[in-house]
2 protein chains.
Amino acid sequence: MSTHRPPEPGGASLDDTDRLLLNHLSRDGRASYAEIGLLANLSATAVRRRIDRLRSRGVVRGFTVVLDPALLGWQTEAFVEVYCRERTSPEELLASLRQFPEVVAAWTVTGDPDALVHLRASDTRHLEAVIERIRKEPGVQRSRSSVVLSQLIG
Amino acid sequence: MSTHRPPEPGGASLDDTDRLLLNHLSRDGRASYAEIGLLANLSATAVRRRIDRLRSRGVVRGFTVVLDPALLGWQTEAFVEVYCRERTSPEELLASLRQFPEVVAAWTVTGDPDALVHLRASDTRHLEAVIERIRKEPGVQRSRSSVVLSQLIG
DNA sequence: ACTGAAAACTTTCTGCC
DNA sequence: GGCAGAAAGTTTTCAGT
């Protein structure tokens with residue numbers, strides 16, 4: 001997530017110091033408060049209080065480990081455009097997609113398809129099976145898939 | 001990133017304990033080694049050594065903070081399908097897209113478009129401007145955009 | 001090769017200024 | 001926002017299985 005100079009109409013009101021802290025935490029989510037403080041000319045206590053405040057405001061949702069999908073065995077990746085039936089609500093679609101651990105992310109979108117689904121599978125065989133199962137979900141009418149060739153950014 | 005039972009043809013060979021550690025770290029990337037050890041019936045020392053090993057093998061790429069894009073001022077999100085000119089290489093496209101801090105992620109894909117670009121902007125006005133600038137990149141022929149309505153999963 | 005225990009060190013937490 | 005003491009976590013060393 002970029003922390004670089006966005007307008008904040010929602011009243012988030014981060015100052016440059018907050019941005020500095022978040023920027024460093026996005027590079028090393030386990031950095032100590034003292035280490036972060038060195039960059040911002042702040043004591044570890046002050047850093048901690050700022051991060052706590054950002055956390056309670058919801059700006060910081062949490063911390064996580066960044067894993068290599070390929071080394072975990074997820075070597076094939078695809079995007080599936082999902083076209084729903086007339087009566088399918090986003091809630092129904094969510095309920096359908098949640099079943100699949102292969103679904104990394106999913107969004108409802110404007111345009112021809114109703115949703116865009118990001119999938120990870122172990123190989124093309126596995127990918128085919130997952131797409132087939134998604135197409136058979138009651139709320140899904142049809143789908144159109146693109147296989148990811150390479151990740152340019154992200 | 002899902003850590004749930006994938007085949008690992010690349011020889012990653014994680015055992016169930018590794019998966020348990022990674023699973024917990026994906027929920028709390030700043031969890032203490034002792035805390036993680038309680039779940040896995042392992043000492044803090046053993047947990048740390050396993051995570052160090054996963055890190056040196058590249059399975060663990062690092063740790064990061066999870067931020068709320070909307071609260072940071074990025075309230076509009078879109079996917080742009082990019083159609084390149086005949087001679088545009090993935091490297092050229094990457095060089096073009098890197099310029100934009102609004103580009104959250106980008107992939108080259110099979111199918112009609114050459115690439116899929118995930119954008120975040122502060123509002124639709126900002127989004128329009130970014131899409132316009134991307135369309136003017138020399139390697140880009142045309143594009144087709146979908147605005148994200150809601151994030152179902154991810 | 002992997003694990004645990006304890007000592008030494010570092011970080012985080014809490015109360016106070 | 002900083003400081004200082006207490007609590008908790010981390011890291012190193014040594015040894016067991």
Side-chain angles (χ1 to χ4, degrees), chain A residues 1 3-6 8 10-68 70-73, chain B residues 1-68 71-73:
Chain A
M1 179 61 45
T3 57
H4 203 274
R5 217 191 57 75
E8 298 151 31
S13 68
L14 310 192
D15 61 18
D16 290 344
T17 306
D18 286 331
R19 260 186 260 283
L20 204 68
L21 307 187
L22 295 179
N23 198 38
H24 193 256
L25 278 173
S26 68
R27 285 196 296 272
D28 179 8
R30 280 184 85 96
S32 75
Y33 298 137
E35 178 194 324
I36 302 166
L38 288 177
L39 279 106
N41 285 325
L42 233 53
S43 70
T45 316
V47 171
R48 199 190 85 91
R49 280 197 283 241
R50 274 176 181 266
I51 293 170
D52 280 354
R53 196 159 49 86
L54 291 168
R55 206 188 236 280
S56 71
R57 282 165 50 192
V59 175
V60 168
R61 288 206 189 137
F63 296 87
T64 194
V65 63
V66 182
L67 301 172
D68 185 315
L71 290 179
L72 284 167
Chain B
M1 177 61 45
S2 178
T3 56
H4 202 274
R5 219 191 57 78
E8 297 149 34
S13 67
L14 311 191
D15 62 18
D16 290 341
T17 305
D18 287 330
R19 258 186 261 283
L20 205 66
L21 307 187
L22 295 180
N23 198 39
H24 194 256
L25 279 173
S26 67
R27 283 194 297 271
D28 178 8
R30 281 183 85 95
S32 75
Y33 298 136
E35 178 195 323
I36 301 166
L38 288 177
L39 280 105
N41 285 324
L42 232 55
S43 70
T45 317
V47 170
R48 200 192 91 87
R49 278 195 284 241
R50 274 176 182 264
I51 293 170
D52 279 354
R53 195 159 50 87
L54 291 168
R55 207 189 233 282
S56 73
R57 282 165 50 191
V59 176
V60 168
R61 289 207 188 135
F63 295 87
T64 193
V65 63
V66 181
L67 301 172
D68 185 315
L71 291 179
L72 284 167

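Letters A, B, ... mirror the listed sequences (proteins, then strands); counts begin at 1.
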* Distance-minimising heavy-atom pair for B:V65 and A:L22 -> CG1-O, 4.0 Å
* Asked: Do any of residues 26-40 of chain B sit with a heavy atom less than 4.0 Å from DNA chain D, and if so which?
  -> B:S32, B:Y33, B:A34
* Rounded distance in Å - CD1 (A:I51) to P (C:dC13) -> 10 Å
* Which atom names give the shortest non-hydrogen contact between B:R53 and B:S56, and what distance separates them? -> O-OG, 3.0 Å
* Closest heavy-atom contact between B:F63 and B:I51? -> CZ-CG2, 4.3 Å
* To do: State, to 0.1 Å, how close B:T17 and B:A40 come at their nearest heavy-atom pair, and which atoms those are.
  => CG2-CB, 4.2 Å
* Inter-axis angle, terminal five-pair segments of the helix from C:dA1-D:dT17 to C:dC17-D:dG1 [nearest 10°] -> 30°
* Asked: Heavy atoms, side chains only, cut-off 4.5 Å: are B:L38 and B:H24 in contact?
  -> no
* **Separation of atom CZ in B:R48 from atom C1' in C:dT10, rounded to whole Å** => 13 Å
At a cut-off of 3.5 Å, list every protein nitrogen or oxygen paired with a nitrogen or oxygen from nucleotides 3-7 of chain C, distance to 0.1 Å.
{"residue": "C:dT3", "atom": "OP1", "partner": "B:R50", "partner atom": "NE", "Å": "3.4"}
{"residue": "C:dT3", "atom": "OP1", "partner": "B:R50", "partner atom": "NH2", "Å": "2.8"}
{"residue": "C:dG4", "atom": "OP2", "partner": "B:S43", "partner atom": "N", "Å": "3.0"}
{"residue": "C:dG4", "atom": "OP2", "partner": "B:S43", "partner atom": "OG", "Å": "3.1"}
{"residue": "C:dG4", "atom": "N7", "partner": "B:R49", "partner atom": "NH2", "Å": "3.2"}
{"residue": "C:dG4", "atom": "O6", "partner": "B:R49", "partner atom": "NH2", "Å": "3.4"}

* Does a side-chain heavy-atom distance below 4.5 Å link A:D52 with A:R49? -> no
* Structure fact -> Residues B:I36 and B:L25: closest non-hydrogen pair is CD1-CD2, 3.6 Å
* Are any non-hydrogen side-chain atoms of A:L14 and A:L54 less than 4.5 angstrom apart? -> yes
* Structure fact -> When every non-hydrogen atom of B:R30 is compared with those of A:G29, the smallest separation belongs to NH1-O, 2.9 Å
* May I ask you to test the B:L67-A:V60 pair for a side-chain heavy-atom distance under 4.5 Å? => yes
